[in-house]
J.: 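Attaching a single structure in structure tokens format; questions to follow.
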There are 2 protein chains.
Amino acid sequence: MDSDATSLGRSALVDETANAIRARIMSGEIPIGAQLRQAELAAQLGISRTPIREALRQLQAGGLIEVLPRRGAVVRVPSPWEVREAYEVRAELEGLACERAVRRVTRTLLDELRQTSEVLRANERPPAPPGPGGPVSPTTIANDRFHTLIHEMAGNERLARTIRDINEAFPRNVSALVLQDDPRHRADNLAEHERIVAALEAEDAKLARREMRDHVLAAGEQLARWYERRTATVFRG
Amino acid sequence: MDSDATSLGRSALVDETANAIRARIMSGEIPIGAQLRQAELAAQLGISRTPIREALRQLQAGGLIEVLPRRGAVVRVPSPWEVREAYEVRAELEGLACERAVRRVTRTLLDELRQTSEVLRANERPPAPPGPGGPVSPTTIANDRFHTLIHEMAGNERLARTIRDINEAFPRNVSALVLQDDPRHRADNLAEHERIVAALEAEDAKLARREMRDHVLAAGEQLARWYERRTATVFRG
DNA sequence: CCTCGCAAAGTTGGATCCATCGTTGGACGC
DNA sequence: GCGTCCAACGATGGATCCAACTTTGCGAGG
């Protein structure tokens, strides 16, 4: 939506800094559990530590990082349990968004949703699974776009913001890794998306809600499993 | 719950500062739309501007205040529309919490819920409606406790946190002013609480959810109306 | 060889400094 | 008398400074 500083003179270095750090955490460039050294970040961004510290406070408020007094900030390591809790909430909210979206659905929006499915179908066999820190894959972008479109269709900014806040509390957006790993998950994901679009087209609010709810819960379970495997790997070395 | 700094050496001046400022905004001591001067807050709290600035960034992330570049921070003035949007989301989440609470309901917890109703019933005719900035009334405390108890019973921390985040985005918690104004609203509120408790006792999850949902929506509508009247008053002088 | 302790290095966090920008009040000109 | 311009004031925001704390590495002692 709005870019960083080119909009209307309303520059905000701190917000830009927070977004930059958040992006590097979400993409996996800064891994889970990593220490965030103020001096290092300041040097990399070519600024002093002051705006860094304010940016870290913003990220702390969102729950993405944890600031321990006198011991610095670290990227939070979510437990599988936390992930499941968060996705139960997210499933409910996305279900609500989907139910509300039925009232505002249009031919154009349905087409846009179907375009994201096209991308997912085309990239059924991704050329090269990008490692952590790499650029965001078209699959991930299409997935995000699908959900974001429905949030917009719901016509409730607070709802969209709440869902976004929950998502941004966990590094590596769901689709990013989970979907790339297993072709079966990609197929399931695509089928679920198509069922949601069908329910929206049929203007069946209750069905759309249920389909979206189940879809998010399934994605959350995959993400939780991924975190389980990850922590197991980490502890082994 | 946890006090400010006496817990375990894990002092955090910035967090304390943020809590202090948030409390003063929520209580109405610092009114909606007011400018937050860094130097003034620093002097009042006996600290320098640095931790103030970091605390303001935290509050900004929560959406309670707005930080305009080079023009300082102001307490956000929510539009009635925003309030309605937020309460639609909150109603859904509190409904979910209530539905989940049915599975964990115990005799002790039901008693605790009923105790809050006792307080509400006893203070049906409050001795003196406290003005803005005054201490929190027992009615407000009982109301908050009722909802907080159910959030705990739901057994999902993310859910509780999400609801709390939404509430803390609006100065003056619902019950605070709205309930005190009109005795009819207080009666409605009490009756709704009792219906919720009854549904919980009957272990009727669907009913409990619906009752809570309607209860929150009604409260939100009252709060939105209050904001409408407030802005109208402000514009007249 | 392991453990405890101490000293040095590195990091955080509050205070302070200063350039820049926004605001306000008054004087000048129309 | 009214609008405009300019200067002085005030506030914000980034940079810097320094004290306090945490961590680490080395050495002495058991």
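Owing to the predicted nature of the structure, the values given are computational and were not obtained by experimental measurement. So that the names make sense, note that chain A is the first sequence line, chain B the second, and so on, each numbered from 1.
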J.: Which residues within residues 53-62 of chain B lie with some heavy atom under 4.0 Å of an atom in DNA chain C?
T.: none

J.: State, without any angle test, whether B:Glu85 and B:Trp81 hold a side-chain donor-acceptor pair at a distance under 3.5 Å.
T.: yes

J.: Would B:Arg76 and B:Gln60 count as having a side-chain donor-acceptor pair, cut-off 3.5 Å?
T.: no

J.: Under 3.5 Å, which N/O atoms of the protein pair with N/O atoms of nucleotides 22-25 of chain C?
T.:
from	atom 1	to	atom 2	distance (Å)
C:dT23	OP1	B:Arg71	NE	3.1
C:dT23	OP1	B:Arg71	NH2	2.9

J.: Decide, yes or no, whether a salt bridge links A:Glu88 with B:Arg158 under the criterion of side-chain N to carboxylate O below 4.0 Å.
T.: no

J.: With heavy atoms of chain B within less than 4.0 Å as the criterion, where does contact along DNA chain D begin and end?
T.: D:dA11 to D:dG14

J.: Rounded to the nearest angstrom, tell me the gap between atom CD in B:Glu16 and atom P in C:dG14.
T.: 10 Å

J.: Do B:Glu152 and B:Arg104 sit within salt-bridge range, that is, some charged N less than 4.0 Å from a carboxylate O?
T.: no

J.: Inspect the surroundings of CZ in A:Arg71 and state if more than 12 heavy atoms from other residues, nucleotides or ligands are less than 6.0 Å away.
T.: no

J.: Check the side chains of A:Glu94 and A:His215 for a donor-acceptor pair under 3.5 angstrom, ignoring hydrogens and angles.
T.: no

J.: Using a strict cut-off of less than 4.0 Å between a Lys/Arg side-chain nitrogen and an Asp/Glu carboxylate oxygen, indicate whether A:Glu228 and A:Arg84 qualify as a salt bridge.
T.: yes

J.: Ignoring hydrogens and angles, tell me if any N or O in the side chain of B:Asn19 forms a donor-acceptor pair with the backbone of B:Asp15 under 3.5 Å.
T.: yes

J.: Categorize B:Leu36 for me: base, sugar-phosphate, or nothing, with a 4.0 angstrom heavy-atom threshold over every strand shown.
T.: sugar-phosphate

J.: Do the side chains of A:Arg53 and B:Arg53 get nearer than 4.5 Å, heavy atoms only?
T.: no

J.: Which part of the nucleic acid, if any, lies within contact of B:Arg49, taking any heavy atom under 4.0 Å across all strands shown: a base, the sugar-phosphate backbone alone, or nothing?
T.: base

J.: With a cut-off of 6.0 Å (strictly less than), are more than 12 heavy atoms of other residues, nucleotides or ligands near CD of A:Glu157?
T.: no

J.: Does C:dT11 have OP1 or OP2 sitting under 4.0 Å from an N or O in the side chain of A:Gln38?
T.: no

